2 protein chains.
Amino acid sequence: MPDDRKPAFASNITADDVAAEAGVSRWTVNRAFRKDASISPKSLEKVRIVAERLGYVPDLRAASLASDRSNLVALLIDDFANPHKLVMMERLTRILRREGWDILLVNTLDRNDAGHALLNASQRRVDAVILIGIQFDDEVLDTALHARRFRKLIIFARTSRNPNTISIAVDDVHAMREIANYVHERGYRRPLFLAGPRTSSAHLLRKETFVDYWRQHFGSEPETISVAAYDPDLAAGVVETALVNRNKTTLPDILVCENDALAIGATDFIRHKLGLRIPQDIAITGFDDVPQAEGANYRLTTYRQPLTEMTEYLVKVLSNEEERDFDRLFQGRLVIRESA
Amino acid sequence: MPDDRKPAFASNITADDVAAEAGVSRWTVNRAFRKDASISPKSLEKVRIVAERLGYVPDLRAASLASDRSNLVALLIDDFANPHKLVMMERLTRILRREGWDILLVNTLDRNDAGHALLNASQRRVDAVILIGIQFDDEVLDTALHARRFRKLIIFARTSRNPNTISIAVDDVHAMREIANYVHERGYRRPLFLAGPRTSSAHLLRKETFVDYWRQHFGSEPETISVAAYDPDLAAGVVETALVNRNKTTLPDILVCENDALAIGATDFIRHKLGLRIPQDIAITGFDDVPQAEGANYRLTTYRQPLTEMTEYLVKVLSNEEERDFDRLFQGRLVIRESA
DNA sequence: GCAAGTTTTGCTCACGGGAGCAATAGGCAT
DNA sequence: ATGCCTATTGCTCCCGTGAGCAAAACTTGC
């Protein structure tokens with residue numbers, strides 16, 4: 001067998017090579033690969049064929065450099081413990097790629113690292129930065145906006161009060177009212193709200209909404225506890241210190257969790273350490289509708305965010321150059337299963 | 001409040017601007033940002049200060065274009081249902097960034113899409129492509145190697161027989177022997193092996209190893225069934241058709257699963273649909289040691305891959321320009337919990 | 001067949017930085 | 001001060017493409 005089975009390392013084939021071979025100019029070759037370029041069908045086909053044969057593909061680095069548009073967005077994530085992130089990444093990568101956007105994935109380790117992460121994005125001259133994480137508080141956002149040049153800073157699946165960012169999220173108030181209403185109507189009367197970290201002002205809204213609802217309808221403050229991170233194991237620990245040594249009458253009848261990650265940790269603890277049944281002894285609700293929530297084990301009553309819709313809107317925001325983009329809230333829907 | 005709170009959209013500040021301000025040449029400015037450049041400490045500091053003030057950061061597109069090294073690697077993933085992917089991504093993004101590599105995340109929808117995904121990577125002129133998925137069979141790899149120009153094609157966490165790729169994986173044979181041996185020694189005698197899709201020859205090794213072990217020690221073929229994808233729900237379905245209508249004596253005493261995703265689906269089904277206990281009625285083992293495997297709910301006996309070590313080796317492979325890189329197998333370790 | 005209008009094509013001039021070499025400055029012994 | 005060696009600095013020439021305009025080619029109506 002001859003050598004041609006070896007990988008073609010193709011010492012950079014450039015538009016010039018294709019042009020020479022196809023008998024046209026370099027610019028015609030490039031036009032053959034640009035969406036909105038004016039080129040005759042004849043030369044288009046001629047160029048495409050030669051390019052295919054030679055294995056030519058345009059160099060997006062150069063294109064980006066010359067056109068000042070990279071078609072690249074940075075995706076900053078800092079919370080890999082939450083399975084919902086995997087769902088969001090799947091949706092984002094799939095839809096963005098379909099629309100011609102490439103994704104630079106940046107792991108933002110912690111709050112102090114946000115600056116470095118943004119620097120990374122900045123050096124690649126991304127067209128936008130998408131944040132899907134929890135540590136991005138207002139202070140971080142401010143430094144980001146001041147220090148680096150980003151055309152767009154998009155907070156995905158989280159609300160932000162910062163006027164210079166674009167936030168695409170579910171309507172937490174509406175959602176949590178729906179949950180609270182469901183809890184109320186189903187007859188639960190001793191709820192315990194399991195909240196996430198208190199550092200970020202972002203998700204506070206869910207807790208506040210629930211507390212408000214309860215106060216309004218019963219005149220009393222529901223019990224709330226808070227976990228230092230959206231981590232099932234930490235949630236279990238917090239639930240433990242809150243529930244241990246209580247007797248049946250003082251035990252909550254439902255755990256309203258800020259998201260599924262917490263709900264899952266709480267479920268595991270209640271079942272396997274306390275030996276209680278769900279929902280008979282304690283009911284549970286979550287938020288996000290992660291894949292496991294549907295599984296036979298959890299059957300979690302939760303709230304589904306319309307991720308596809310949200311991502312489609314994100315795409316619009318990305319392509320929209322002229323007008324100012326606006327924050328937008330989406331309506332999800334309550335998914336009722338057996339856990340509550 | 002004055003206007004200076006508005007984000008600095010910084011009409012491209014370039015090395016020339018910094019040079020003028022700092023009283024040096026453009027090249028000296030660039031040298032201040034290159035690791036191995038020769039520059040006096042005095043001008044380095046001068047440039048750094050001015051750059052900081054002006055908000056200048058070098059443009060990696062231009063640098064990449066001129067130097068023919070992008071410091072960018074593409075990460076192709078096609079299986080977002082498996083939580084292990086999230087762990088792998090966390091490890092890869094963290095360590096690669098620390099070593100100066102940026103990551104282009106590409107969602108490879110299915111086998112037919114692999115070509116397009118690779119094209120994407122090719123257009124950004126990545127220095128390497130890392131595959132962490134299951135659909136990348138030998139045929140796909142071959143076309144990838146022939147059609148596009150990739151310096152390195154790395155198969156991560158999966159073995160590959162293709163001589164033109166670099167595979168970094170755990171030693172499946174060693175690992176599965178260890179599992180089989182454990183199953184054997186704990187006295188299980190009616191194992192059922194739950195395998196993944198049969199299309200890819202890659203993970204076949206685990207099943208073959210287990211079957212060989214059993215044949216060798218008992219002279220009989222263990223029962224095996226196969227799931228069309230590494231998806232907990234599908235696993236539940238397959239287990240259902242395999243176990244339904246069996247009585248206690250013909251039921252397997254242990255389910256040996258090709259990975260944790262399958263094990264989790266099987267566990268849920270066995271517990272909640274069959275109403276059996278784990279491990280008393282049926283024991284279960286997995287592979288990967290995903291975060292949930294440790295939780296109170298599953299307590300899954302499984303096999304942990306040394307992901308950090310593997311990623312460190314990956315980094316070495318990436319930086320190694322000269323010599324030919326070699327495939328490498330790593331030893332993980334059996335993690336024994338209560339599920340078997 | 002010809003003028004006017006419409007495509008299509010080629011060209012100049014960037015985009016922002018790296019390689020590699022030539023020029024300059026600084027350090028040291030004599 | 002001189003000569004020699006070395007650490008810095010500046011410069012030329014790319015890297016591979018896009019924007020926008022001018023030249024060329026093709027249409028159309030008469």
Side-chain angles (χ1 to χ4, degrees), chain A residues 10-48 50-51 54-72 100 102 122-127 149 151 321, chain B residues 10-48 50-51 54-72 100 122-127 149 321:
Chain A
S11 58
N12 283 348
I13 291 162
T14 164
D16 277 316
D17 303 331
V18 178
E21 193 86 1
V24 296
S25 74
R26 182 162 74 65
W27 298 275
T28 303
V29 172
N30 289 337
R31 272 190 268 255
F33 288 90
R34 230 176 306 154
K35 188 104 191 350
D36 53 344
S38 141
I39 183 172
S40 72
K42 213 172 44 183
S43 9
L44 176 64
E45 198 193 328
K46 193 166 49 178
V47 169
R48 280 285 169 90
V50 174
L54 265 51
Y56 166 77
V57 282
D59 187 329
L60 288 189
R61 298 171 303 180
S64 160
L65 191 58
S67 70
D68 200 35
R69 301 198 65 240
S70 63
N71 276 317
L72 186 68
D102 284 339
S122 172
Q123 301 200 148
R124 297 276 175 198
R125 299 298 189 264
V126 296
D127 287 334
R149 51 188 141 179
R151 292 202 175 80
E321 292 289 348
Chain B
S11 59
N12 283 349
I13 293 162
T14 164
D16 277 316
D17 304 330
V18 178
E21 193 88 2
V24 295
S25 74
R26 182 163 76 65
W27 299 274
T28 302
V29 172
N30 289 336
R31 272 190 269 255
F33 287 90
R34 229 177 307 153
K35 189 100 195 334
D36 54 344
S38 142
I39 185 174
S40 72
K42 212 170 47 185
S43 12
L44 176 65
E45 198 192 329
K46 195 166 49 179
V47 169
R48 281 286 169 92
V50 175
L54 266 51
Y56 166 78
V57 282
D59 186 328
L60 288 189
R61 297 170 302 180
S64 161
L65 191 57
S67 69
D68 199 37
R69 301 199 63 240
S70 63
N71 276 318
L72 185 68
S122 172
Q123 299 199 157
R124 297 276 173 197
R125 299 295 190 264
V126 296
D127 288 333
R149 49 187 143 183
E321 291 289 349

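Both backbone and side-chain heavy atoms feed into the values below; hydrogens, waters and symmetry mates do not. Sequence lines set the chain letters: A, B, ... in the order given, protein chains first and strands last, and positions in each chain run from 1. Note that the structure is predicted; figures quoted are calculated from it, not measured.
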Dump the pairs, protein N or O against N or O of nucleotides 22-24 of chain C, anything under 3.5 Å, distances to one decimal.
none

Rounded to the nearest angstrom, tell me the gap between atom [atom1] in [X] and atom [atom2] in [N].
{"X": "B:Lys46", "N": "D:dT9", "atom1": "NZ", "atom2": "C1'", "answer": "11 Å"}
{"X": "A:Lys42", "N": "D:dA24", "atom1": "NZ", "atom2": "C1'", "answer": "14 Å"}
{"X": "B:Arg124", "N": "D:dT17", "atom1": "CZ", "atom2": "P", "answer": "13 Å"}

CD1/A:Ile39 to CZ/A:Phe33 distance, rounded to the nearest 0.5 angstrom?
->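 Spacing of CD1 (A:Ile39) from CZ (A:Phe33) equals 9.5 Å.
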Interatomic distance, B:Asp16 atom CG to B:Arg26 atom CZ [nearest 0.5 angstrom] =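 It comes to 5.5 Å.
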If only side-chain N and O atoms of A:Ser25 are considered, is one of them under 4.0 Å from the OP1 or OP2 phosphate oxygen of C:dC11?
->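 Checking A:Ser25 against C:dC11: no side-chain N or O falls below 4.0 Å of OP1 or OP2.
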Any A:Ser40 side-chain N or O less than 4.0 Å from OP1/OP2 of C:dT9 =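 Answer is yes, contact under 4.0 Å.
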Closest non-hydrogen atom pair between A:Ala32 and A:Val47, with its separation =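 Smallest heavy-atom distance, with atoms named: CB-CG1, 3.6 Å.
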A:Tyr56 versus A:Val29, closest heavy-atom pair with distance =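 Here A:Tyr56 and A:Val29 meet closest at CE2-CG1, 4.1 Å.
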Side chain to side chain contact (heavy atoms under 4.5 Å, CB included) between B:Gln123 and A:Asp102, worked out = CA-CA 10 Å; B:Gln123 299 199 157; A:Asp102 284 339; over 6 Å; no
Under 3.5 Å, side-chain donor or acceptor atoms of residues 61-68 of chain B against the rest of the protein: list the pairs with distances, not counting sequence neighbours.
unit_1, atom_1, unit_2, atom_2, d
B:Arg61, NE, B:Asp59, OD1, 3.1
B:Arg61, NE, B:Asp59, OD2, 3.3
B:Arg61, NH1, A:Ser64, O, 3.1
B:Arg61, NH1, A:Ser64, OG, 2.6
B:Arg61, NH2, B:Asp59, OD2, 2.7
B:Ser64, OG, A:Arg61, NH1, 2.6
B:Ser67, OG, B:Ala63, O, 2.9
B:Ser67, OG, B:Arg69, N, 3.3
B:Ser67, OG, B:Arg69, O, 3.4
B:Asp68, OD2, B:Arg151, NH2, 2.9

Does the A:Asn30 side chain pair with the main chain of A:Trp27, one donor and one acceptor, at a distance under 3.5 Å?
->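 Such a contact is absent between A:Asn30 side chain and A:Trp27 backbone.
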Reading 5' to 3' through nucleotides 13-18 of chain C, protein heavy-atom contacts under 4.0 Å coded B for base, S for sugar-phosphate only, - for none = --BBBB
Could you go through the side chain to side chain contact (heavy atoms under 4.5 Å, CB included) check for A:Arg34 and A:Arg31 one step at a time?
-> CA-CA 5 Å; A:Arg34 230 176 306 154; A:Arg31 272 190 268 255; 3.8 Å; yes
Indicate, with a heavy-atom threshold strictly under 4.0 Å, whether A:Thr28 touches base, sugar-phosphate, or nothing.
->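 The answer is sugar-phosphate, as A:Thr28 gets under 4.0 Å only of primed atoms, P, OP1 or OP2.
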